[in-house]
Amino acid sequence: MKKIIEGSLESLDQMISFIQDLDEHAYLYIATPWFMSSIGQHLRHSMDLFLALQTFQEGFIDYDVRRRGCDLEKSRNVGLSELKSVRAWLTNLTEGCLTQTIEVKTEVSLSTQSSVALDSSLARELGFTSSHLVHHLALMAVIAKMAGKEIDDSYGLAPATATYMRNEAEQLLEA
């Protein structure tokens, strides 16, 4: 269970580093017509999922609660503050919390409002939420590049892809 927290902290640290390297213009930039959302909006979406996790004490997570239009979308400093707050929360999680059974509610249809409730655990949902953060970081990195920023190629790289690349590099060294 400790590995899930450590991996999530790595993902958050990478996001913090990425956001710190941006200016406000890049944070708010929308690369139309290819993207409909800014980096700030992508970050707000990702943070909404982490915020939903923080309610797990009640045994229920509702991924449908969103804060569209909030200050997080409009201010890089608010984004950094929220990332650091989620990071602090993660460092205080215990193994017992991670294995607790919880119910997850999420909408599942585009054509009509239709939600399902599923049994899960905080550990499984933390793994999902961290993976989702990495996915959005990959999108944000593209937006930042389109805004003219130089971005580290490792931003948004999935853990399994990073492992694959390390293995490939090791095989090249052995050859």
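Worth knowing before you read on, the calculation uses all heavy atoms, side chains too, and leaves out hydrogens, waters and symmetry mates.
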>> Looking at every non-hydrogen atom in both residues, tell me the closest pair between S46 and H136 and how far apart they are.
In response: OG-CB, 3.5 Å

> Does V104 share a hydrophobic cluster with V65, counting links as ILVMFWY side-chain heavy atoms below 4.5 Å and allowing steps through other members?
Replying inline: no

> Would you find more than 12 non-hydrogen atoms of other residues, nucleotides or ligands less than 6.0 Å from H25 atom NE2?
Replying inline: no

>> Taking transitive links into account, so neighbours of neighbours count too, which hydrophobic residues share a cluster with L157 at under 4.5 Å side-chain distance?
In response: Y164, M165

> M140 versus M15: any side-chain heavy-atom pair under 4.5 Å?
Replying inline: yes

Got a list of side-chain donor-acceptor pairs under 3.5 Å for residues 112-123, not counting sequence neighbours?
residue, atom, partner, partner atom, Å
S115, OG, D64, OD2, 3.4
S120, OG, E125, OE2, 2.7
S121, OG, R124, N, 3.1

>> Under 4.0 Å between a side-chain nitrogen and a carboxylate oxygen: does that hold for K149 and D23?
In response: yes

>> Test of understanding: clusters of I, L, V, M, F, W, Y form through side-chain heavy atoms closer than 4.5 Å, transitively. Do L9 and L83 belong to the same one?
In response: yes

> Between CG of L93 and OG1 of T91, what distance do you get to the nearest 0.5 Å?
Replying inline: 8.0 Å

> With a cut-off of 6.0 Å (strictly less than), are more than 12 heavy atoms of other residues, nucleotides or ligands near CD of E150?
Replying inline: no

> Can you check whether R67's main-chain N or O pairs, donor with acceptor, with D48's side chain at less than 3.5 Å?
Replying inline: yes

>> Quick check: closest heavy atoms across C70 and R44, and the distance to 0.1 Å?
In response: SG-CG, 3.6 Å

>> Assigning hydrophobic clusters by single linkage (Ile, Leu, Val, Met, Phe, Trp, Tyr; side-chain heavy-atom cutoff under 4.5 Å), is L137 placed with L51?
In response: no

>> So does G69 get a backbone contact from the side chain of K74, meaning a donor-acceptor N/O pair under 3.5 Å?
In response: yes

> For the side chain of E95 and the backbone of K2, is there at least one donor-acceptor N/O pair under 3.5 Å apart?
Replying inline: no

> Looking at side-chain heavy atoms only, is the closest gap between I19 and L43 below 4.5 Å?
Replying inline: yes

> What pair of heavy atoms forms the shortest contact from Q41 to M36, and how long is it?
Replying inline: OE1-O, 4.0 Å

>> Can you tell me how far apart CG (L22) and CD1 (I39) are? Round to the nearest 0.5 Å.
In response: 5.0 Å

>> Hydrophobic clusters here meaning ILVMFWY residues chained together by side-chain heavy-atom distances under 4.5 Å, can you tell me if L72 and I30 are in one?
In response: no

>> For a 4.5 angstrom cut-off between non-hydrogen side-chain atoms, does L173 reach E170?
In response: no

>> Using side-chain heavy atoms (C-beta onward) and a distance below 4.5 Å, is E10 in contact with D13?
In response: no

> Should I5 and L98 count as side-chain neighbours, where that means a heavy-atom distance under 4.5 Å?
Replying inline: yes

> Do you know which two heavy atoms are closest between Y29 and M146, and how far apart they sit?
Replying inline: OH-O, 3.7 Å

>> Can you tell me how far apart CD1 (I16) and CG (L80) are? Round to the nearest 0.5 Å.
In response: 7.5 Å

> Which heavy-atom pair separates A141 from I151 by the least distance, and what is that distance?
Replying inline: CB-CG2, 3.8 Å

> How about D152 and F18: do any of their side-chain heavy atoms sit closer than 4.5 Å?
Replying inline: no

> Any chance CD of E6 has more than 12 other-residue heavy atoms, nucleotides or ligands included, within less than 6.0 Å?
Replying inline: yes

> Considering residues at least two apart in sequence or located in another chain, which fulfil the side chain to side chain contact (heavy atoms under 4.5 Å, CB included) criterion with S11?
Replying inline: S130, L133, V134

>> Let me check something: do W34 and V142 share a hydrophobic cluster, defined by ILVMFWY side-chain heavy atoms less than 4.5 Å apart, either directly or through other members?
In response: yes

>> Could you check whether S75 and N77, counting side-chain N and O atoms only, form a donor-acceptor pair closer than 3.5 Å?
In response: no

> H45 versus H132: any side-chain heavy-atom pair under 4.5 Å?
Replying inline: yes

> Do you know the tightest heavy-atom contact between F35 and H42?
Replying inline: CD2-NE2, 4.4 Å

> What's the verdict on side-chain contact (heavy atoms from CB on, under 4.5 Å) for L126 and L90, showing C-alpha distance, side-chain angles and the deciding distance?
Replying inline: CA-CA 10 Å; L126 183 56; L90 274 175; 3.7 Å; yes

> Got more than 12 heavy atoms from elsewhere within 6.0 Å of CD, E103?
Replying inline: yes

>> Is the distance from the ring center of Y63 to that of F128 below 6.0 Å?
In response: yes

> Can you tell if the side chain of E82 reaches within under 4.5 Å of the side chain of F50, non-hydrogen atoms only?
Replying inline: no

